[in-house]
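Structure first, then comments.
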Amino acid sequence: MYGKSLLVLAVIGLAFAGCTAEVEPKKTPGQTPDAPAELPKLTIGHVGHDHQIALYVAALQPKLLKERGGVWLKEKKPREVYDLMDGDEAVAELHLTKVGGGSNMPAAMERGEIDVGLGGIPAVVFFVDKGAPFRVLSPLNVDGDMLLLRPDIPVDDWAGFVQYVKESKKPVKIGYKAPVAVAKLVFMGALDHEGIPHSEAAPPEGGVELVHLKGAKNTVPLLESGAVDGVVINEPFGSIAESKNVGKIVSLLGDLPPDGRWKNHPCCCVCATQATIDGHREVLKKLLAMMYNTTKFIQESPEAAGMLAAEWTKKPMAVELESVPNIVYLMEPGEAYRKGLETWFGIMNEVGKFKGAIKGRSFEEAFELCHDLTLINEVIEGR
């Protein structure tokens, strides 16, 4: 065990070599040697699973980030309170708090419980549509969803699944975690492309019955009981089901037809209230710089990142080593990110899900309304 720990540290140390985002140190306004200014305090809400490991890696590996001369986290209370450090200078005190997935993160932000949120961008967009003063500061990851079937079903890929459904004498039951979950929308789009009928109840022979799981946590028990034949779900729940031998990953949803349509479909982001952006721009920029640095590490060293994910989430290491490589971690709001989000926006418009500020807007207008990318672009450009 001791030897394995040394090996993990060695892998992480090597992986961080050459991975940094440089940010110039800046004194806290009003700070003097005799009277240090009170640090600004920001509360960061996160979901707690491996989609947000850009933050968790920083919390678990402060020495490596500090040695690179960048922004890092100084622990005050494990998993809860950290000083955001720029070199040897504290620039803010961060309070980390776990919030639920889906709409729970933006709801916590709306209640004033958190200043910055890490979670699903679709939920954030719906809150903006309702008039909430939130802005997406950067993506965190895209993709990471999959089609999972019970192990006893003789299917190993999407083509096999299509054939299995069309030949089945009864509807194939596939679960989804929430009514407007991105995984559900992608799956339905691929079924439409294949000419496979689907509905919530009583689909025809050779069709798919969509079953509301009422939360990702029900993936394993419903597969285990046989209540569903499969699920469309995000990581790490797919890898958890595989580890318990109640499911097998048949296809990543980003690979479903038509070719290329579902690549880079939206997942998690970093967002903040407008008041936080207006009042703490430099702190937010340093936070994004730190997470940009750790995202580069995740991209280059998914195995080491998976080990750190297991340390933070307390999931079995085998699960995280399978899960992390299935997620596309990125913070660059480039063409791939915009294209995936545009596809999702289009579907939401078609089915009439936007009722407020976004309704009737073009994608470009909606994108600008939901985003403030100035800080992450400055980080990427080294300014």
Side-chain angles (χ1 to χ4, degrees), residues 122 142-216 218-235 237-267 322 326 328 339-340 343-344 346-353:
V142 296
D143 290 344
D145 295 305
M146 68 271 305
L147 169 62
L148 197 77
L149 297 179
R150 293 199 324 266
D152 60 297
I153 295 177
V155 169
D156 296 311
D157 56 23
W158 176 253
F161 174 74
V162 170
Q163 182 179 354
Y164 179 79
V165 172
K166 290 182 175 180
E167 293 177 353
S168 178
K169 298 302 182 183
K170 60 180 181 179
V172 177
K173 295 183 178 182
I174 302 296
Y176 62 90
K177 73 174 183 177
V180 292
V182 175
K184 178 192 177 188
L185 299 174
V186 171
F187 180 60
M188 291 193 303
L191 292 177
D192 290 339
H193 178 77
E194 300 286 2
I196 295 176
H198 52 85
S199 68
E200 300 287 331
E205 182 178 306
V208 168
E209 179 181 344
L210 299 169
V211 180
H212 189 188
L213 299 175
K214 299 182 180 179
N218 293 318
T219 297
V220 169
L222 292 180
L223 282 169
E224 197 168 30
S225 69
V228 293
D229 299 305
V231 297
V232 283
I233 202 71
N234 57 277
E235 288 287 28
F237 301 101
S239 291
I240 291 171
E242 278 203 324
S243 73
K244 294 180 179 295
N245 297 315
V246 299
K248 60 180 177 181
I249 297 173
V250 169
S251 178
L252 298 179
L253 298 193
D255 295 333
L256 296 190
D259 187 41
R261 178 169 173 76
W262 312 115
K263 281 288 185 188
N264 301 304
H265 58 266
C267 192
E322 289 293 327
N326 286 332
V328 180
K339 183 173 180 286
T343 298
W344 177 79
I347 295 172
M348 292 294 96
N349 268 325
E350 287 174 11
V351 298
K353 290 296 182 181

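Counting from 1, the numbers follow the sequence of the chain as shown.
Side-chain contact between Leu191 and Phe161 is present, with heavy atoms from C-beta onward closer than 4.5 Å. Inter-residue side-chain proximity for Pro197 and Pro203 is flagged as unmet; no heavy-atom pair is nearer than 4.5 Å. In this structure, the side chains of Met188 and Leu210 come closer than 4.5 Å at one or more pairs of heavy atoms. Between Arg261 and Thr343 the shortest side-chain heavy-atom distance falls below 4.5 Å. At least one side-chain heavy atom of Leu256 sits less than 4.5 Å from a side-chain heavy atom of Ser251. At least one side-chain heavy atom of Asp229 sits under 4.5 Å from a side-chain heavy atom of Ile153.
Put simply, CZ on Phe187 and CG on Asp192 are 10.5 Å apart, with the number rounded to the nearest 0.5 Å. Going from atom CD1 of Ile347 over to atom CG of Leu185 covers 5.5 Å, rounded to the nearest 0.5 Å.
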Take Val232 and Leu253 through the test side chain to side chain contact (heavy atoms under 4.5 Å, CB included) and record every step on the way to the result. CA-CA 8 Å; Val232 283; Leu253 298 193; 4.2 Å; yes

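Tested against Glu235 for a side chain to side chain contact (heavy atoms under 4.5 Å, CB included), the candidates Ile249, Asp145, Ile240 yield a single pass: Ile249. Of the candidates Val208, Leu213, Leu148, Val208 is the only one forming a side chain to side chain contact (heavy atoms under 4.5 Å, CB included) with Ile174. Under the side chain to side chain contact (heavy atoms under 4.5 Å, CB included) test applied with Met146, the options Leu252, Asn234, Val250 reduce to a single match, Leu252.
Shown here for Asn326 and Ser239, the closest heavy-atom pair between the two residues is ND2-OG, 4.4 Å. Nearest heavy-atom pair across Pro122 and Cys267 is CD-O, 3.7 Å. Trp262 and Pro258 make their closest contact through NE1-CD, 3.9 Å (heavy atoms, listed as atom of the first residue, atom of the second, distance). In plain terms, the two heavy atoms of His265 and Gly254 that are nearest each other are CE1-N, 3.8 Å. Nearest approach of Lys248 to Glu242, heavy atoms of both residues: CA-OE2, 3.5 Å. Closest approach of Gly238 to Ile233, counting heavy atoms only: N-CG2, 3.9 Å.
Remark: Lys166 NZ is packed, more than 12 non-hydrogen atoms of other residues, nucleotides or ligands lying under 6.0 Å away.
Each side chain to side chain donor-acceptor pair (under 3.5 Å) pair with one or both residues in residues 151-165, not counting sequence neighbours, appears once here: Arg150-Asp152, Trp158-Glu194, Gln163-Glu167. Sorted by first and then second residue, the salt bridge (Lys or Arg N to Asp or Glu O under 4.0 Å) pairs with a member in residues 196-206 read Lys184-Glu200; sequence neighbours excluded.
Remark: Asp255 pairs with Lys263 by the salt bridge (charged side-chain N to carboxylate O under 4.0 Å, His left out) rule, at least two apart or across chains.
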